[in-house]
Amino acid sequence: MIAVQDSGARQICPSAAMWASLLALSAVVAGCNDDLQTFLEAQAGYASCVKAGCDDGNPCTDDTCDQTTLTCNHAALTSGACDDGDACTESTVCQQGSCLGGTAKVCSDGDPCTDDACQKQSGCVSANNSAPCNDGDACTVEDACLNGTCKAGAAPNCDDSNPCTDDSCLQADGCKHIATGAPCNDGDACTAGDTCAESACAAGGPKTCDDGKPCTTDACDKSKGCTYAPNSLSCDDGDACTAGDTCKGGLCQPVKLISCDDGQACTTDSCAPATGCAQTPKSGVCDDGDACTVADTCAAGACKPGGVKPCDDGKPCTDDGCDKQKGCQFAANSAACNDSNACTEVDQCQGGVCKPGAAKVCADGNPCTTDGCKSLSGCAFVDNTALCDDGDACTGKDACQAGACKGVALGTGGTKGCEDGNACTADSCDPKEGCKNVPSTGACSDNNACSENDACLGGSCKAGQSKSCDDGNPCTTDGCLASTGCKSAPSTAPCDDGSVCTNGDACLNSACKPGPGINCDDGNPCTEDACDAATGCKATASTKPCEDGNLCTVQDVCKDAACLPGVAKSCDDSNACTIDTCTAAKGCVQTPAPLACDDGDPCTAADTCNAGSCIAGVGICTGTGAAVCKDAKPSQMPKTMPSKLTLDLCKLQKVYKTGTTTTCTKPLLQGQEFRFVPTVAGVYRLSVEPQVSGQAYIELSDQSCPATGSTCALFSADFPIQTSSVDKPFAFHIMVEAAACSSGQVVMANIFLSKL
């Protein structure tokens with residue numbers, strides 16, 4: 001047998017003579033019909049040393065074979081990517097024959113709800129946390145992580161207590177306060193129609209304090225509102241035929257009769273106490289205001305244009321023309337002229353126009369004619385309707401008619417001639433003394449629509465009680481006008497719409513309009529909040545899911561308006577090496593503990609926990625016929641294996657001891673289980689060399705441990721691969737007695753696979 005290692009750390013390859021000796025010693029193990037049909041496809045030429053046979057399993061050495069000396073050389077590499085076996089490093093490279101760590105692997109998954117770390121064996125791991133977070137919705141606050149997800153918190157209170165804003169919340173921007181144009185109250189009793197503008201209550205127009213009474217001075221106090229004080233101003237007593245009426249003691253008193261002369265030549269003017277002046281159309285000549293018409297005549301009370309005005313004034317000092325506004329236009333000269341105005345005498349041209357001379361005197365001494373002069377006809381005496389005195393005591397209301405003063409005949413029974421228009425006098429006439437108006441009693445009307453039950457007293461109609469004009473509508477301002485009676489005007493005052501669910505109700509168009517709704521949110525997630533117009537806010541207990549604030553409960557649910565805890569949260573992390581607890585504030589906590597555990601390998605006993613991981617204890621191997629010890633993490637081999645695979649037997653990890661019925665003489669070190677998937681049918685030979693101090697041998701996965709120590713020394717085995725078994729996986733173990741290794745020793749074993 002050839003030594004495993006020389007002093008130069010070179011691996012020794014077997015010679016052709018040695019191979020012949022090994023083949024002669026190989027034996028086929030009868031009855032070991034392994035389920036695994038083949039290993040790697042055979043490669044020929046094992047009698048010589050090849051490069052594949054010098055592979056030391058180190059990616060950072062360049063393995064070569066010296067054909068002369070039949071020795072392997074392993075030159076250290078200084079560059080090239082490699083794998084250092086640490087899942088927490090990246091970009092590892094070869095340096096001086098060793099694989100060295102590059103940069104630390106970044107394990108941040110970008111999720112605020114996980115704590116990220118790196119474990120050398122498995123790489124990046126993430127654990128859920130309960131940290132504050134942001135769910136991306138600006139309409140939630142105090143968001144927090146739960147079960148690896150950012151859960152929305154409570155809704156924010158967006159009410160800014162400003163009646164001039166509409167408050168809302170947008171997921172992207174959060175609370176929004178949008179200015180409105182709603183009615184409001186600026187606190188000044190002398191303004192009306194106050195309206196929101198730019199998020200503030202802007203004063204409206206001045207409040208109307210007109211009480212319709214001319215004998216009161218109306219004012220407004222910012223605190224009290226409208227005030228009314230008696231005055232001595234001019235007023236209207238309700239008699240359309242009087243003028244100069246003046247307020248006295250809060251009442252309107254007449255002073256004199258009015259003149260109804262409208263200055264229109266086409267109407268006859270008169271006056272009635274109830275209706276006032278009246279103009280009755282009449283016929284006759286008039287002036288329509290058009291300077292280019294003449295002989296205008298009255299028709300239907302209006303002055304209708306006559307013929308075209310001749311602008312040939314016959315005056316030698318003018319060139320004639322006519323303008324509707326200016327009338328005839330004349331070019332000036334300085335000759336003597338006649339202005340064609342019969343009302344002037346000795347006319348002369350002056351400044352280019354014919355200037356009138358002295359005015360003609362036209363006075364007939366009759367008070368019932370209006371004396372004047374017309375430019376075409378000269379003096380004119382036009383009948384008028386002026387008041388006059390005919391000298392007869394039994395006539396009244398004397399007035400000019402048809403150029404003469406005529407009165408209305410007075411009767412002895414209060415006939416119309418002596419009527420004074422006063423319902424509180426009995427009217428009669430004495431031929432000598434004239435009209436008599438004796439005070440009477442009874443109901444009357446003071447012509448003030450704001451009083452009721454008026455009665456005669458001392459010859460005057462005295463006002464009764466004031467009429468009530470309250471229409472029962474809080475959204476109208478009620479008052480009374482002496483001429484028309486009760487009047488209600490829409491107001492913008494605060495009001496109550498009858499619903500306790502609104503605030504800031506205000507009048508609009510004579511109706512009470514509701515203000516903004518009140519906030520009925522009681523902040524309790526276990527109530528359904530609503531508002532009843534009669535009783536106000538109402539919270540009804542709900543049964544919806546909730547969060548009781550205890551991270552150790554799940555499936556919390558609302559009951560009787562309170563959030564009741566659900567079932568206890570399971571904090572079992574399936575790790576026998578941690579003590580799993582839960583706190584209300586932090587939730588699940590896993591604390592590593594030095595407990596007994598089971599590493600899942602049936603071939604180890606007395607496993608113990610260390611730093612949260614289960615560490616294998618003493619190795620055992622039990623079985624009644626077949627060895628049942630399997631490595632938990634078998635290595636996968638390629639379908640085509642190199643002619644030689646080299647292992648350091650002293651670094652094999654697990655200790656096995658065979659069972660009770662078949663016993664090997666000493667404890668064995670077993671390496672990883674290797675698997676191979678054949679692609680070609682045939683007989684395959686698997687060999688292990690060298691046979692070191694102690695024993696090195698092959699164990700197929702379904703083969704019993706030999707009964708004697710000498711049989712345990714098998715170092716090669718042949719097994720057939722049928723056509724039906726192609727592409728099926730096979731497994732084998734490499735084992736060596738523990739006595740073969742001492743501290744720090746390196747024992748190399750070469751595994752050969754060939755197809756016979």
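Because the structure is a prediction, the values reported are computed rather than measured.
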List the atom of [X], the atom of [Y], and the distance in Å for their closest heavy-atom pair.
{"X": "S130", "Y": "A585", "answer": "OG-O, 4.4 Å"}
{"X": "A576", "Y": "C597", "answer": "CB-CB, 4.2 Å"}
{"X": "E90", "Y": "A104", "answer": "OE1-O, 4.5 Å"}
{"X": "L551", "Y": "C582", "answer": "O-SG, 3.9 Å"}
{"X": "A152", "Y": "D135", "answer": "CB-OD2, 3.1 Å"}

Would you compute the distance between atom [atom1] of [X] and atom [atom2] of [Y] and round it to the nearest 0.5 angstrom?
{"X": "T165", "Y": "K176", "atom1": "OG1", "atom2": "NZ", "value": "13.0 Å"}
{"X": "N128", "Y": "C113", "atom1": "CG", "atom2": "SG", "value": "8.0 Å"}
{"X": "T89", "Y": "D83", "atom1": "OG1", "atom2": "CG", "value": "7.5 Å"}
{"X": "L564", "Y": "K559", "atom1": "CG", "atom2": "NZ", "value": "7.0 Å"}
{"X": "D167", "Y": "H177", "atom1": "CG", "atom2": "NE2", "value": "5.5 Å"}
{"X": "T527", "Y": "D521", "atom1": "OG1", "atom2": "CG", "value": "7.5 Å"}

Practice item. For a disulfide bond (SG atoms under 2.5 Å apart) with C526, tell me which candidate from C563, C546, C558 qualifies. Key: C558
Could you tell me whether the side chain of [Y] reaches within less than 4.5 Å of the side chain of [X], counting heavy atoms only?
{"X": "N519", "Y": "N157", "result": "yes"}
{"X": "N129", "Y": "C145", "result": "yes"}
{"X": "D62", "Y": "H74", "result": "no"}
{"X": "V567", "Y": "V554", "result": "yes"}
{"X": "K105", "Y": "C124", "result": "yes"}

**Study point:** Derivation of the disulfide (SG to SG under 2.5 Å) call for C118 and C88
**Key:** CA-CA 6 Å; C118 189; C88 294; 1.9 Å; yes
Check your understanding: Among T581, I579, D580, whose side chain to side chain contact (heavy atoms under 4.5 Å, CB included) with V589 holds?
Key -> T581
Check your understanding: For Q171, does the CD atom sit with more than 12 other heavy atoms under 6.0 Å from it, leaving out its own atoms?
Key -> no
Determine if the SG-SG distance between [X] and [Y] falls under 2.5 Å.
{"X": "C169", "Y": "C175", "value": "no"}
{"X": "C577", "Y": "C614", "value": "no"}
{"X": "C552", "Y": "C571", "value": "no"}

Exam field: side chain [X] to backbone [Y], donor-acceptor pair closer than 3.5 Å:
{"X": "N58", "Y": "C60", "answer": "yes"}
{"X": "N73", "Y": "T64", "answer": "no"}
{"X": "T92", "Y": "C82", "answer": "yes"}
{"X": "E547", "Y": "G549", "answer": "yes"}

Exercise for review: Please determine if E528 and K544 form a salt bridge, counting it only when a charged side-chain N lies under 4.0 Å from a carboxylate O.
Suggested key: yes
Looking just at side-chain N and O atoms, do [X] and [Y] make a donor-acceptor pair shorter than 3.5 Å?
{"X": "D116", "Y": "T114", "result": "yes"}
{"X": "D556", "Y": "T553", "result": "yes"}
{"X": "D572", "Y": "S570", "result": "no"}
{"X": "D109", "Y": "S126", "result": "yes"}
{"X": "T140", "Y": "D143", "result": "yes"}

Exercise for review: List the steps and the verdict of side-chain contact (heavy atoms from CB on, under 4.5 Å) for Q590 and N575.
Suggested key: CA-CA 9 Å; Q590 281 76 35; N575 185 350; over 6 Å; no
